[in-house]
Amino acid sequence: MKIIKLDAIDSTNSYVRQLSLHEKLVDFTIVTAAAQTSGRGQMGTTWNTEKGKNLTFSVFKKVSCLENEEQFYISMATSLAIYNALKHFQIPKLAIKWPNDILAENKKICGILIENVIQNSKMTAAIIGIGLNVNQTDFDTLLNASSLKKITGIHYDLDEVLFQVAAQLEKYARLITERSLEQLKMEYELLLFRKDKPSTFEDTDGNLFMGFIQGVADDGKLHVLLEDEIVKAFDLKEIKLKY
Amino acid sequence: MDLKEIQSLIKFVAKSGASEVKLEMEDVKITIKTGSGDYKGETTTVVQQIPMAGIPQQQAQAPAAQPAAPAASETPAPAANDDSKYITIKSPIIGTFYRKPSPDKPAFVEVGASISEGSVLCVIEAMKLFNEIESEVSGKIVKVLVDDASPVEFDQPLFLVDPS
């Protein structure tokens with residue numbers, strides 16, 4: 001494990017990507033930044049945090065043993081790593097909200113942005129960006145956001161949290177390398193938010209319907225048990241969980 | 001594409017809530033604009049036949065080989081031959097095709113751009129995983145075959161590249 005610490009950068013994911021283009025990066029290189037000037041979330045959204053209070057970092061992980069259809073296992077491994085790192089700090093009511101949000105007491109405390117490198121139609125590396133809210137307590141307009149400190153009242157040492165997450169990531173990355181994919185999926189499904197509970201979903205037309213989350217398919221689609229015992233697989237864009 | 005298909009397409013677009021959809025196929029180009037606000041539900045559709053011989057890249061590629069203005073029915077054949085010397089870059093996965101790293105940034109590549117092996121061509125997103133697709137060949141982008149932010153299938157052609 002190699003850690004590069006930056007005071008400020010546009011985005012740690014972009015920085016790692018640039019580095020990987022120009023030099024041979026050591027597997028499992030981690031880049032942290034005390035401040036990101038244009039931290040990125042999903043396509044066009046931004047990730048903003050107060051300087052020095054939270055963890056924003058990216059991990060460069062070589063991945064050559066996954067088929068393109070199996071990419072979602074990277075998402076599962078990352079979610080599991082963060083979940084277990086936070087469990088170590090005894091954060092209450094943790095869950096993984098499909099596909100890869102980490103919740104504590106029903107609030108989002110961590111965002112993940114995974115960017116894969118595809119060469120010759122094969123995946124060669126993943127850049128795993130993690131934004132974990134640690135000591136920030138003011139989220140003004142973001143009702144659904146929280147942090148470790150806001151939940152427990154404890155001030156955390158950022159390096160200690162980083163070390164835990166990194167150690168767990170190494171552990172779960174090993175499961176991918178060993179292709180223990182069934183185990184990954186089993187663990188992931190066990191921790192899914194609202195699994196086997198009656199839940200309300202919204203489809204693309206705004207219609208509400210009821211169902212039970214049962215698990216995920218290999219490609220990441222969500223298996224939901226609907227009326228009449230029908231299990232349907234939903235793509236991310238087809239369904240929204242109301243909570 | 002027949003009238004019925006176009007009609008159902010208009011209905012589909014109007015229902016989807018998209019403000020504008022452009023669809024380009026071999027010989028037809030369709031632009032559907034849905035009115036917003038007060039004009040909700042109203043759609044404007046422009047259907048355009050693209051003259052085959054008028055595609056600029058193809059003319060530029062083989063001007064000498066083209067016989068002078070052949071009958072319209074004969075044109076598709078030389079066009080197909082023209083494309084055959086290009087390399088097609090296909091999608092390695094199912095997902096959503098993005099030409100830009102983020103909406104406010106310029107596209108990774110434009111038509112006419114020189115690319116080399118390893119150049120990033122596009123991003124294909126699937127299940128919140130963002131895949132940067134690198135080129136396997138060097139050359140020049142001749143055509144971008146998919147619109148930004150549209151869904152793509154496995155093996156769907158994305159770019160035409162002139163390797164010469």
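In this text the structure is predicted, and so the values were computed from the model without any measurement. Every chain is numbered from 1, with letters handed out A, B, ... down the list of sequences.
- Counting heavy-atom pairs under 4.5 Å between each of A/Asn68, A/Thr204, A/Asn120 and chain B puts A/Asn120 at the top.
- Atoms CD1 and CD, on A/Ile118 and B/Glu134 in that order, are 9.0 Å from each other to the nearest 0.5 Å.
- With chain B as partner, the option from A/Thr124, A/Leu21, A/Asn116, A/Ile74 having the largest number of non-hydrogen pairs under 4.5 angstrom is A/Asn116.
- One distance of note links CD1 of B/Ile93 with CD of A/Gln71; it measures 5.0 Å at 0.5 Å rounding.
- Evaluated for a side chain to side chain contact (heavy atoms under 4.5 Å, CB included) with B/Phe130, the options A/Asn13, A/Ile114, A/Ile127, A/Leu113 yield exactly one hit, A/Leu113.
- A donor atom on one side chain and an acceptor atom on the other are not found under 3.5 Å apart for A/Glu115 and B/Asn131.
- For the residue pair A/Ser121 / B/Glu136, a side-chain donor-acceptor distance below 3.5 Å is found, with atom types taken as modelled.
- Scanning all heavy atoms of the two residues, the minimum distance from A/Pro99 to B/Lys128 falls at CG-CD, 3.7 Å.
- Listed by sequence position, A/Phe234, A/Asp235, A/Leu236, A/Lys237 are the residues of residues 233-241 of chain A in contact with chain B, using a 4.5 angstrom heavy-atom cutoff.
- Around NZ of B/Lys140, the count of heavy atoms belonging to other residues, nucleotides or ligands within 6.0 Å does not exceed 12.
- For B/Thr96, the part sitting under 4.5 Å from any heavy atom of chain A is the side chain, from C-beta outward, and nothing else.
- Put simply, the side chain of B/Met127 reaches to within 4.5 Å of the side chain of A/Lys221, judged on heavy atoms.
- Proximity to chain A (any heavy atom under 4.5 Å) is restricted, for B/Val120, to the side chain, taken from C-beta onward.
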